[in-house]
Amino acid sequence: MTDLPTIASKSPSSFPWEEALQRHFGYPAFRSGQREVLDALTAGRDAVVVMPTGSGKSICYQLPALEARGVTLVLSPLISLMKDQVEALERRGLPAGFINSTLGAAEIEQRLAMARAGDLKLLYLAPERLRDSRLLRMLEDVHLSLLAVDEAHCVSQWGHDFRPDYLRIHELSRRHPEARVLALTATATGRVREDMLRFLGLGAPPRKAPEVFVQGFARPNLQIHVRRCATHAEKFQRVAEAIRNWGSGIIYASTRKQVERVASKMKAQGFAVDSYHAGLPDRERSRVQERFMSGRSAVVVATNAFGMGVDRSDVRFVLHWDIPGSMEAYYQEIGRAGRDGEDSYCELLYNYADVRTQEFFLEGSNPSRETLLELLQLIRQRCLHRPLSLSADHWAEDLDSTRNAMAVRTAMWLLERANCIQREEEPGSPSAAVMALPKVDEQALAREIQQAEAKAERDRAKLDAMLRFANCRSCLHQQILLYFGDSDADQDHCDACGNCLKEQSGVSREPTQEEWEVVQKILSAVGRLDGQFGRARIGELLKGSRSKGILSAHLERHRCYGLLSNWRLEDIVRWLDALIRDGSILPSDGSYPTLGLSERGREVLKRNEIPDLGELRGPQMQAGDVEEADDPELRERLRSWRSKQSRIQKMKPYQIFSNKTLDELILKCPQSEEALLDVSGIGPQKVQRYGAALLQMLQET
Ligand code: ADP
């Protein structure tokens with residue numbers, strides 16, 4: 001047996017690793033990156049290795065473990081994973097074992113004795129075992145060749161799964177200067193990598209400077225697209241198209257409600273899809289996962305709860321119905337496509353308004369200082385001496401600082417941790433019994449608040465990075481590599497992302513002078529009306545229409561009235577939609593959304609940022625035929641409803657509604673009776689007679 005540092009003093013690169021790989025594992029060659037890591041270890045250096053799941057990180061410590069004198073300690077957080085790994089090694093006849101909480105002191109001592117005698121080369125350990133100071137002492141007289149820290153991002157609060165026990169590993173590395181430290185993870189941004197170095201003590205004397213390897217993030221077989229969608233109808237079309245074109249895939253949505261909605265819409269269109277989210281019973285979830293894994297189902301609509309253990313290799317597409325909260329989540333989710341190396345398709349259906357869902361989660365998991373203090377005060381007023389049982393929704397109703405029940409639940413949990421309140425969940429009920437403790441632990445409370453604020457800042461930064469990605473105009477593959485710090489990020493062009501393909505086809509370009517003027521006119525009208533009107537009314541204003549809606553709101557006197565009077569209304573609305581897709585214009589929530597300017601919109605208005613107009617082209621759009629408004633599905637629904645009415649009422653279809661009225665209904669998509677009255681061909685009588693049916697059809701869009 002050789003000791004790694006000793007090999008180092010000879011010639012690291014001449015160590016016969018290839019032969020060892022063949023002998024222990026039967027693999028003929030190293031995968032990209034593995035050999036370099038081994039060379040660093042043999043040179044006596046510690047290393048940080050960031051490579052995606054499945055790229056073969058384990059070989060980087062299993063192989064040296066078998067070749068070096070002494071024991072390799074593998075710190076791994078998941079007991080089940082640990083067992084799998086040990087069993088896999090044992091099957092190959094490789095001497096591995098683990099120490100877990102079920103073992104008594106005598107058994108632990110026995111395993112360590114085996115390790116000392118060279119009968120166990122790899123010893124797996126969960127980081128929480130390091131709380132046991134006796135174990136640390138027992139380990140002291142074991143010669144450790146290597147300390148492999150799996151899922152090492154858990155040492156950082158910037159990672160997605162911070163585990164305080166990881167901070168104990170530093171103590172172990174300090175006690176064992178003879179052991180090389182190898183920190184491994186599948187994702188780590190620059191900040192997480194810095195934390196890994198710092199909190200694991202890498203580079204601290206007497207250790208040599210560590211090496212950092214980041215690679216393997218490139219997934220050239222994935223076509224990556226960000227599609228700006230102005231309406232849900234457009235998103236449904238994209239989903240249907242992906243299923244038709246690509247067959248098997250996953251559609252991720254951020255909320256359970258959206259999952260149900262997308263799944264039922266697709267089923268109504270005749271597609272066989274399953275849905276998956278944490279609100280479903282365990283049995284149903286296992287059934288859906290099992291069907292998908294075995295290839296008996298092709299498409300799953302899911303929240304991010306669907307993922308762990310989904311390693312079907314022929315997933316052909318991954319769609320995101322709305323924007324995820326971080327690049328880490330996004331990359332992990334699209335990474336489920338194309339594991340077999342075949343071409344696969346990834347599309348983010350981006351509508352800036354969806355960011356609100358993520359902001360809701362952000363607030364929900366990071367209640368503000370105001371909310372924490374306000375809630376504590378309220379609890380102290382109401383239940384200082386006896387418990388009170390209320391749901392989070394109830395509490396939220398009485399707070400000024402938030403209406404977000406999720407934020408209340410998180411705040412309760414933080415207040416409990418700060419020893420300010422006592423709380424007991426009531427099984428099967430949304431309520432929990434809460435009681436304020438007589439004394440407020442000011443110090444603990446201040447600590448919780450400070451931590452919560454730091455976490456809110458981190459989560460916000462992650463969402464902002466995701467938004468920058470969605471809005472960027474350069475190569476999407478490169479953006480991903482840059483984000484993860486992959487050393488292969490020097491290529492700024494590919495032929496597999498929406499942005500590069502657009503550039504090649506000449507679609508992506510700066511607006512012309514005339515187009516800029518139009519954009520500015522539209523944005524200044526939206527800005528001046530500041531959230532008071534919807535897209536149809538703003539279109540009419542710019543057109544200079546004398547519709548009822550314009551006249552009753554006295555908009556004919558507005559300074560933007562008629563700014564685009566020589567344009568067709570349809571074209572103006574199409575430009576409004578393009579600017580909504582671009583994220584410059586932001587529709588409000590609710591069934592009759594009004595439009596406002598986003599931060600980006602303000603920048604575009606000043607020409608500090610360039611809008612993406614998609615395939616729209618300049619004022620030549622004034623000419624040409626009137627095109628159909630673009631929602632064939634809604635058109636079909638309205639038409640078949642109209643023919644049914646005409647049969648029932650023995651009238652001609654056009655007597656119910658003319659085609660022009662249908663066009664306008666599709667274009668304006670009114671969401672209230674009042675808005676219906678603005679559609680030509682619809683008066684109060686028709687609203688009374690058909691309003692409810694129409695609104696229902698339009699709301700299903
Ligand atoms: P990671 O830890 O990065 O998620 P693993 O170490 O579990 O990935 O490796 C994934 C699979 O690839 C395992 O089955 C492993 O045995 C295999 N593998 C690793 N390195 C090689 C190699 N050089 N040649 C062939 N197969 C390899």
Side-chain angles (χ1 to χ4, degrees), residues 13 15-42 47-67 72-96 98 121-122 124-127 146-154 159-161 181-188 192-193 196 211-219 293 307-313 315 328 331-341 484-488:
S13 55
F15 189 84
W17 285 120
E18 271 79 7
E19 185 270 321
L21 179 70
Q22 176 76 44
R23 181 159 34 91
H24 294 295
F25 292 92
Y27 300 143
F30 282 112
R31 287 191 183 155
S32 156
Q34 289 175 328
R35 174 75 213 224
E36 288 80 350
V37 177
L38 296 175
D39 285 345
L41 294 176
T42 38
V48 166
V49 174
V50 188
M51 292 182 194
T53 308
S55 56
K57 290 186 290 299
S58 324
I59 291 286
C60 301
Y61 57 86
Q62 288 172 345
L63 201 55
L66 296 164
E67 288 297 301
T72 289
L73 213 56
V74 186
L75 292 144
S76 172
L78 297 172
I79 311 264
S80 56
L81 222 67
M82 197 151 101
K83 272 183 76 172
D84 286 351
Q85 290 221 14
V86 169
E87 280 166 15
L89 289 165
E90 281 174 337
R91 272 198 301 278
R92 290 179 184 273
L94 302 173
F98 54 78
K121 299 298 294 172
L122 283 131
Y124 284 74
L125 196 72
L146 186 62
L147 210 60
V149 184
D150 210 4
E151 311 288 350
H153 61 273
C154 296
H160 46 87
D161 189 16
V181 178
L182 179 61
L184 308 119
T185 175
T187 52
V192 175
R193 291 198 298 275
M196 282 161 60
E211 286 214 47
V212 179
F213 300 92
V214 184
Q215 60 169 228
F217 285 87
R219 295 288 308 276
M293 292 298 293
M308 272 287 232
V310 176
D311 55 2
R312 175 171 163 177
S313 66
V315 174
E328 285 85 347
Y331 179 76
Q332 204 167 39
E333 287 162 5
I334 64 167
R336 303 206 165 100
R339 293 231 168 127
D340 53 8
F484 289 109
D486 190 315
S487 48
D488 288 337

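Read the numbers this way: they start at 1 and go in the same order the structure lists the ligands and their atoms.
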Less than 4.0 Å from some atom of ligand 1, heavy atoms are found in residues Tyr27, Ala29, Phe30, Arg31, Gln34, Pro52, Thr53, Gly54, Ser55, Gly56, Lys57, Ser58, Ile59

Query raised in the report: Under 3.5 Å, is there a donor-acceptor pair between the Gln215 and Ser32 side chains?
Result: yes

_Any heavy-atom pair between the side chains of Phe217 and Asp488 that's under 4.5 Å?_
no

Residue set satisfying ring-ring contact (aromatic ring centres under 6.0 Å, His included) with Phe213, at least two apart, ordered chain then number -> none

Taken in chain and number order and not counting sequence neighbours, the residues that satisfy ring-ring contact (aromatic ring centres under 6.0 Å, His included) with Tyr61 are none

For Arg31, the side-chain contact (heavy atoms from CB on, under 4.5 Å) test, sequence neighbours excluded, returns Gln34

State, yes or no, whether a side-chain contact exists between Arg193 and Val212 at a heavy-atom distance under 4.5 Å.
yes

